[in-house]
Amino acid sequence: MAEERARADEILAVHPADDISFARLVDLAKLRWRIERDYQDLKRELGLGHYEGRGWRGFHHHATLCIAAYGFLIAERAAIPP
């Protein structure tokens with residue numbers, strides 16, 4: 001399976017189970033792009049990449065607050081019609 005925007009070296013190779021439908025396989029492949037977009041939004045809009053501490057505990061607190069803020073923003077965007 002390949003995507004239009006994929007480079008030549010970005011072809012998704014899969015070996016699915018026999019009982020999975022093609023539509024489900026495509027949905028799972030597209031989920032990757034949603035996760036990538038969300039991660040970029042977290043870095044750009046909420047500063048996920050700005051943490052420069054040394055400990056896991058501090059990073060965990062920073063990431064937790066960023067993700068909670070992102071959840072709030074997504075909920076607010078959904079409540080306001082385009």
Side-chain angles (χ1 to χ4, degrees):
M1 181 168 49
E3 297 177 354
E4 285 182 22
R5 59 183 166 185
R7 296 188 327 240
D9 61 341
E10 288 184 336
I11 296 175
L12 179 63
V14 295
H15 300 285
D18 293 335
D19 60 344
I20 190 169
S21 69
F22 184 72
R24 176 70 176 145
L25 186 62
V26 169
D27 288 341
L28 290 173
K30 287 183 176 182
L31 186 61
R32 174 181 175 235
W33 295 109
R34 182 176 177 189
I35 292 169
E36 292 276 339
R37 186 195 66 220
D38 289 345
Y39 179 65
Q40 290 301 320
D41 287 347
L42 275 165
K43 284 174 51 179
R44 183 177 50 247
E45 295 179 18
L46 299 170
L48 183 63
H50 291 188
Y51 179 73
E52 295 182 5
R54 296 182 182 196
W56 170 253
R57 185 175 182 197
F59 172 74
H60 188 264
H61 289 176
H62 179 73
T64 301
L65 289 174
C66 287
I67 292 169
Y70 189 64
F72 175 77
L73 286 177
I74 294 295
E76 288 297 307
R77 286 180 190 161
I80 301 171

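Here the structure is a predicted model, which means the values were calculated and not measured.
One N or O on the side chain of His62 and one on the backbone of Gly47 form a donor-acceptor pair closer than 3.5 Å.
Atom CG of residue Leu42 and atom CG of residue Leu73 lie 9.5 Å apart, to the nearest 0.5 angstrom. Annotation: the span from Ile67 atom CD1 to Leu46 atom CG amounts to 10.0 Å, rounded to 0.5 Å. The structure places CG of Asp38 at 13.5 Å from CH2 of Trp33, a figure rounded to the nearest 0.5 Å. Residue Leu65 holds its CG atom at 8.5 Å from NE2 of His61, rounded to the nearest 0.5 Å.
A heavy-atom distance below 4.5 Å is not found between the side chains of His60 and Arg57.
Crowding of Arg77 atom CZ: a count of heavy atoms from other residues, nucleotides or ligands under 6.0 Å exceeding 12. Surrounding CZ of Arg37 are more than 12 heavy atoms belonging to other residues, nucleotides or ligands, all under 6.0 Å away. Crowding of Arg54 atom CZ: a count of heavy atoms from other residues, nucleotides or ligands under 6.0 Å not exceeding 12. Around OH of Tyr39, the count of heavy atoms belonging to other residues, nucleotides or ligands within 6.0 Å does not exceed 12.
Linking ILVMFWY side-chain heavy atoms closer than 4.5 Å, directly or via other members, places Val26 and Ile20 in two distinct hydrophobic clusters.
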